[in-house]
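A quick write-up on the structure given underneath.
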Amino acid sequence: MKDALKDVRDAYDFIFIDCPPSLGLLTLNALTCADSILIPMQCEYFAMEGLTQLLRTIHSVRRG
């Protein structure tokens, strides 16, 4: 995915990669090649718990 996007990256100001709400291969590849991340969510307790876990995953991907 990163190699595919590098050819068109300079042609756009923003590139949005819409991912499913799971941590599958597509989502991990998108996290790897993203400069920024936008996370839509509901303001509920369990959504906040899920956000905490997602942020841990994002930090792990960034370190790796």
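Residue indices begin at 1 and follow the sequence shown.
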* Asked: Apart from Leu5 itself, which Ile, Leu, Val, Met, Phe, Trp or Tyr residues share its cluster (side-chain heavy atoms under 4.5 Å, direct or through members)?
  -> Met1, Val8, Tyr12, Ile15, Ile17, Leu26
Donor-acceptor list for residues 27-42 side chains, cut-off 3.5 Å, not counting sequence neighbours:
{"from": "Thr27", "atom 1": "OG1", "to": "Ser22", "atom 2": "O", "distance (Å)": "2.8"}
{"from": "Asn29", "atom 1": "ND2", "to": "Leu25", "atom 2": "O", "distance (Å)": "3.4"}
{"from": "Thr32", "atom 1": "OG1", "to": "Leu28", "atom 2": "O", "distance (Å)": "2.8"}
{"from": "Asp35", "atom 1": "OD1", "to": "Arg9", "atom 2": "NH2", "distance (Å)": "2.8"}
{"from": "Asp35", "atom 1": "OD2", "to": "Arg9", "atom 2": "NH2", "distance (Å)": "2.1"}

* Does anything in residues 48-64 pair up under side chain to side chain donor-acceptor pair (under 3.5 Å), and if so which pairs, sequence neighbours excluded? -> Tyr45-Glu49
* Structure fact -> Applied to residues 15-32, the salt bridge (charged side-chain N to carboxylate O under 4.0 Å, His left out) test, sequence neighbours excluded, yields none
* **Pairwise salt bridge (charged side-chain N to carboxylate O under 4.0 Å, His left out) hits with a residue in residues 24-34, at least two apart** => none
* Structure fact -> The salt bridge (Lys or Arg N to Asp or Glu O under 4.0 Å) partners of Asp13 (sequence neighbours excluded) come to none
